Each structure stands twice: as structure tokens, then as C-alpha cells.
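What you see is a predicted model; the values in this text were computed from it and never measured. Numbered from 1 within each chain, the chains take letters A, B, ... in sequence-line order.
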Number of protein chains: 2
Amino acid sequence: MTANTLVPVFAALGDETRWSILVALGGGDASASALAGRLPVTRQAIAKHLAVLQQAGLVEPVRVGRELRYRVLGAQLTETARRLDQIGVEWERRLAAIKRIAEGL
Amino acid sequence: MTANTLVPVFAALGDETRWSILVALGGGDASASALAGRLPVTRQAIAKHLAVLQQAGLVEPVRVGRELRYRVLGAQLTETARRLDQIGVEWERRLAAIKRIAEGL
DNA sequence: AGTTAATGCAACTATTTAGTTGCACTAATC
DNA sequence: GATTAGTGCAACTAAATAGTTGCATTAACT
């Protein structure tokens, strides 16, 4: 499921408007049209952002009648966090190792 | 120290070239010139990327003689991961709450 | 069936950004 | 002191991206 490459996820999260969309979605779901009513951008702009978010696996479409709603996938956020943490820890470990060598141990 | 707003950090991490720079730095430190020898981009491009990474608090400059080296701050990565995880968990919690309501409980 | 409200697609603009080349400056080193 | 290796700054190009408007289409509801 989450055989995701990290970079597009970070790229998706690196935009203020997309965060405001995620926040507007909250724990529920909403369509691009509905979101356009709450945010200061057009529906089409929101639709593009939702496409980016979906591509990154951060959001999932749900058909409800004639409207296409989206909901946030919190699991993808925690999964990304897990991997990022692992990378960070690894970096600290390597840095510590190098420091040890530099100190002539 | 890490009174960072998350968005610039994600934006910084949302670029393949910047990851290759982080990887090239590894646990050690290197100057823009040194990195230019290992990566398929010019020194100036790398310098700009390093500026972005520094702005995001992901990298730290270290003066060594006449050269300006940079080293990865793994702590910032783990800190970011911590906050991202928290957000993800919160989202799942809210989603679960809404589901409970939807199921008429 | 006709109207309405939603989505989908396309073209266009403006801004940002990744990358380049070129040059001036400065600090080591021989 | 001359050379060399490194940084800093500036101008420029090309590509990506955020945003817009406009129109066609389609599905729900009276």
C-alpha cells in the first residue's frame, strides 16, 4: 500500500494552500466545490491540489452521489513520519560514529 | 531552536536534488565545491540548495579555513517526524470519532 | 423533461524555482 | 608576492507550478 517514494509526499506537504485544504477537510470529507466555498481559491485550483495530494497518497476520493469527496488519510502521514524518523536517527548515528573517529577513538 | 514552521521543511525535502545533497553529505560535512565534484550540478546550484536546506534548519554551516562546509542536522529530521506523526495520529483520531457518530453511536 | 449543481478538460498568465554562465573578491599556499 | 582554490553576487534561461477563466458534460432533483 505505502510503497511510496517519500519525495512527492514532502513536495505535496510543502505548500500552504494544500495544508489549508487538509485542515478544511479535517477528519471528515468534502468535495472540491464545497472546499472552494471555504477557501480563497477557485474550485479548479483546489481540484489540482487534491490531485497532487491524492498522487502522494495523502487523500482519498469518495463518490457520494454526483459529487466527489475527499478525505485525509492520516495513516499516510504517520507512515511518512515513521520513515522520516528512521532516516533522522540513522543520520545521528552516523554523525556520532564520525565524531568518535574524529576524537581518535 | 526548532520553533520551525513545518511547511518550509517539507518544501525543502520535496526535491530530489536536495536529497542527493543530504545523502552526499552523509554523516560528515562537505563544502558546496566538494559536493559539486560528486553531483551532476554546478557549485552555484548546490549553494542555492544548501541555502534552502539551511533556512529549513536541516543543515548547518561550519567554517573550516577558507571553505564553508555543511553538515546534516539529523535532529531536525526526527523532530519534524515527531510533529508529523502527531498530526497524523490526530487526524486518525478525528476520523475515528466521525465514523463512530456516522454509525449512530 | 428541464433545471440545477456538480465535475472534467483546456488554454492561458504569472510567479517561482532549478539550473546555468560569468565575474569579482578573498584567503591559503608555494 | 604570485598563484590557486574557494566563496559571493548578479543576470539570465527554461521549466514547473499556482492560479485563473471559460466551456462542455453529466448526474441529481423537482
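- Residue side chain A:R43 does not reach the base of D:dG19 through any donor-acceptor N/O pair under 3.5 Å, judged by distance alone.
- Taking the side chain of B:V41 as heavy atoms from C-beta on, and the options D:dT7, C:dG19, D:dA18, the nearest nucleotide is C:dG19.
- A sub-4.0 Å separation between OP1 or OP2 of C:dG19 and a side-chain N or O of B:T42 is absent.
- B:W19 places no side-chain N or O within 3.5 Å of a backbone atom of A:V7 that could act as its donor or acceptor partner.
- The side chain of B:T17 contributes no N or O atom lying less than 4.0 Å from OP1 or OP2 of C:dA18.
- Taking atom CG of residue B:L50 and atom C1' of nucleotide C:dT17, one finds them 16 Å apart after rounding to whole Å.
- Between B:H49 and C:dT17 there is no side-chain polar atom (N or O) within less than 4.0 angstrom of OP1 or OP2.
- Evaluation of atom-type donor-acceptor distances gives no pair under 3.5 Å for the side chain of B:R69 against the base of D:dG6.
- Regarding contacts with the backbone of C:dA6, every side-chain N or O of A:S31 stays at 4.0 angstrom or more from both OP1 and OP2.
- Along DNA chain D, the nucleotide nearest B:A32 and the nucleotide nearest A:A11 are compared for position; the residue whose nucleotide lies closer to the 5' end is B:A32.
- Taking atom CD1 of residue B:I46 and atom C1' of nucleotide C:dT17, one finds them 16 Å apart after rounding to whole Å.
- As rounded to whole Å, 13 Å separates atom P of C:dA28 from atom CG of B:L68.
- Rounded to whole Å, the distance from CZ on B:R63 to P on D:dT7 is 8 Å.
- Rounded to whole Å, the distance from CG on A:D15 to C1' on D:dT17 is 9 Å.
- In A:E16, the CD atom is not crowded: 12 or fewer heavy atoms of neighbouring residues, nucleotides or ligands sit closer than 6.0 Å.
- Rounded to whole Å, the distance from CD on A:Q44 to P on D:dC23 is 13 Å.
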**Asked** Would A:L39 and A:I21 count as a side chain to side chain contact (heavy atoms under 4.5 Å, CB included) if you check the C-alpha gap in whole Å, the side-chain angles of each, and the deciding distance to 0.1 Å?
**Response** CA-CA 8 Å; A:L39 299 174; A:I21 288 173; 3.6 Å; yes

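- Between the P atom of D:dG19 and the CG atom of A:L35 lies a distance of 14 Å, rounded to the nearest Å.
- For A:I21 and D:dT17, the CD1 to P distance is 16 Å, given to the nearest whole Å.
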**Chi angles and distances behind the side chain to side chain contact (heavy atoms under 4.5 Å, CB included) call for A:L22, B:I87** = CA-CA 11 Å; A:L22 291 177; B:I87 293 168; over 6 Å; no

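- Distance from the side chain of A:K48 is smallest to D:dG19 among D:dG6, C:dA6, D:dG19.
- Heavy-atom nearest nucleotides on DNA chain C were determined for B:A45 and for A:Y70, and the one closer to the 5' end corresponds to A:Y70.
- Here the side chain of A:E67 is nearest to one of C:dA6, D:dT20, D:dT7, namely C:dA6.
- Here the closest heavy-atom approach between residue A:L25 and residue A:Y70 is recorded as CD2-O, 3.3 Å.
- When each of B:T80, B:T78, B:V9 is checked for a side-chain contact (heavy atoms from CB on, under 4.5 Å) with A:L84, only B:T80 meets the rule.
- OP1 or OP2 of C:dA18 lies within a sub-4.0 Å distance of a side-chain N or O belonging to B:R18.
- Here the side chain of A:R66 is nearest to one of D:dA11, D:dT7, D:dA28, namely D:dA28.
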